[in-house]
Amino acid sequence: MLNILFLKSKNNFVPEEKRKIKNSIEEVASRVINILDIKGIVNITVYPFVWYIRGKPWVGGVARSKEWVELTIPPKIYLPDDLEGIVCHELHHIARKYYYYTEIGEQRSLLNAIFSEGLATTFEMEQVPQRR
């Protein structure tokens, strides 16, 4: 089950933009959930927020838990390929059980972080080749 929740901000998306973002997330997430055989609930929160990395508006994402992805998207200036790529990347983390909030008793390691980021980035590049 896929749930998409838009958080409110003083920089909210206009209705048409919100609809496009929701449709894009639903399309990509549904495809990736099937490819990676993710079971159960997947909650995606979307927060309209502008931040720049190396002078470029950045679509950010974090796999917060086994069923929660947090996205930050700059209104009006984000690139659709960036959004698709980050959805693929973060859902890959969920499929591999690599997320920000670990379960009780689970351990983090540098080696797992290196492999997890590399695998998620490779999956993202395979799914959204125009992002290369």
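Remember, it's a predicted structure, so these values are computed and weren't measured experimentally. Numbering of residues begins at 1 and proceeds along the displayed sequence.
- Atom CD of residue E70 and atom OG of residue S65 lie 10.5 Å apart, to the nearest 0.5 angstrom.
- Between K22 and I4, the closest heavy-atom pair is O-CD1, 4.0 Å.
- Between Y52 and I77, some side-chain heavy-atom pair lies under the 4.5 Å cut-off.
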Check the pair T72 / V59 against side-chain contact (heavy atoms from CB on, under 4.5 Å), numbers first and verdict last. CA-CA 6 Å; T72 55; V59 176; over 6 Å; no
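- In this structure, K66 forms no cation-pi arrangement with Y99, as its terminal cationic atom is not both closer than 6.0 Å to the ring centre and no more than 45° off the ring axis.
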Candidate pair I25 and I44, rule side-chain contact (heavy atoms from CB on, under 4.5 Å), full reasoning: CA-CA 9 Å; I25 292 171; I44 299 178; 3.7 Å; yes
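- Atom NE2 of H89 and atom CD1 of I94 lie 11.5 Å apart (nearest 0.5 Å).
- L36 and I33 fall within the same hydrophobic cluster, where Ile, Leu, Val, Met, Phe, Trp and Tyr residues are linked whenever their side-chain heavy atoms come under 4.5 Å apart, directly or through other members.
- The same ILVMFWY cluster, assembled from side-chain heavy atoms under 4.5 Å apart, contains both Y47 and W58.
- Remark: Y78 OH to L71 CG distance equals 11.5 Å, nearest 0.5 Å.
- Applying the side-chain contact (heavy atoms from CB on, under 4.5 Å) rule to S30 yields the partners L2; only residues at least two apart in sequence or on another chain are considered.
- Taking all atoms of both residues into account, the shortest heavy-atom contact from V46 to P48 is O-CD, 4.0 Å.
- Applying the side-chain hydrogen bond (donor to acceptor under 3.5 Å, both in side chains) definition to pairs two or more places apart or across chains, those involving residues 2-14 are N3-N43.
- A salt bridge does not link R31 with E27: none of the charged nitrogens is closer than 4.0 Å to a carboxylate oxygen.
- In the hydrophobic clustering of this structure, F123 does not group with L119; members are Ile, Leu, Val, Met, Phe, Trp, Tyr whose side-chain heavy atoms approach within less than 4.5 Å, directly or through other members.
- Judged as a salt bridge (charged side-chain N to carboxylate O under 4.0 Å, His left out), and not counting sequence neighbours, the contacts of R19 are E16.
- In this structure, the side chain of E124 does not engage the main chain of C88 through any donor-acceptor pair within 3.5 Å.
- To the nearest 0.5 Å, atoms NE2 (H92) and CD1 (I35) are separated by 10.5 Å.
- Between the side chain of E84 and the backbone N or O of V128 there is no donor-acceptor pair closer than 3.5 Å.
- Nearest approach of A95 to I38, heavy atoms of both residues: CB-CG1, 4.0 Å.
- When the side chains of ILVMFWY residues are joined at heavy-atom separations under 4.5 Å, either directly or via intervening members, F6 and L83 end up in a single hydrophobic cluster.
- Remark: the backbone N or O of K20 is not paired with any side-chain donor or acceptor of S24 at under 3.5 angstrom.
- To the nearest 0.5 Å, the span separating CG on D81 from CD on Q130 amounts to 4.0 Å.
- Hydrophobic clustering (side-chain heavy atoms under 4.5 Å, transitive across Ile, Leu, Val, Met, Phe, Trp, Tyr) keeps M1 apart from V32.
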Steps toward side-chain contact (heavy atoms from CB on, under 4.5 Å) verdict (M125, T122): CA-CA 5 Å; M125 291 170 60; T122 300; 5.6 Å; no
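- Looking at heavy atoms from C-beta onward, F13 lies in side-chain contact with I21 at the 4.5 angstrom threshold.
- Here CD1 of I86 is found 10.0 Å from CG of L91. Values are rounded to the nearest 0.5 Å.
- The aromatic ring centroids of H93 and Y98 lie less than 6.0 Å from each other.
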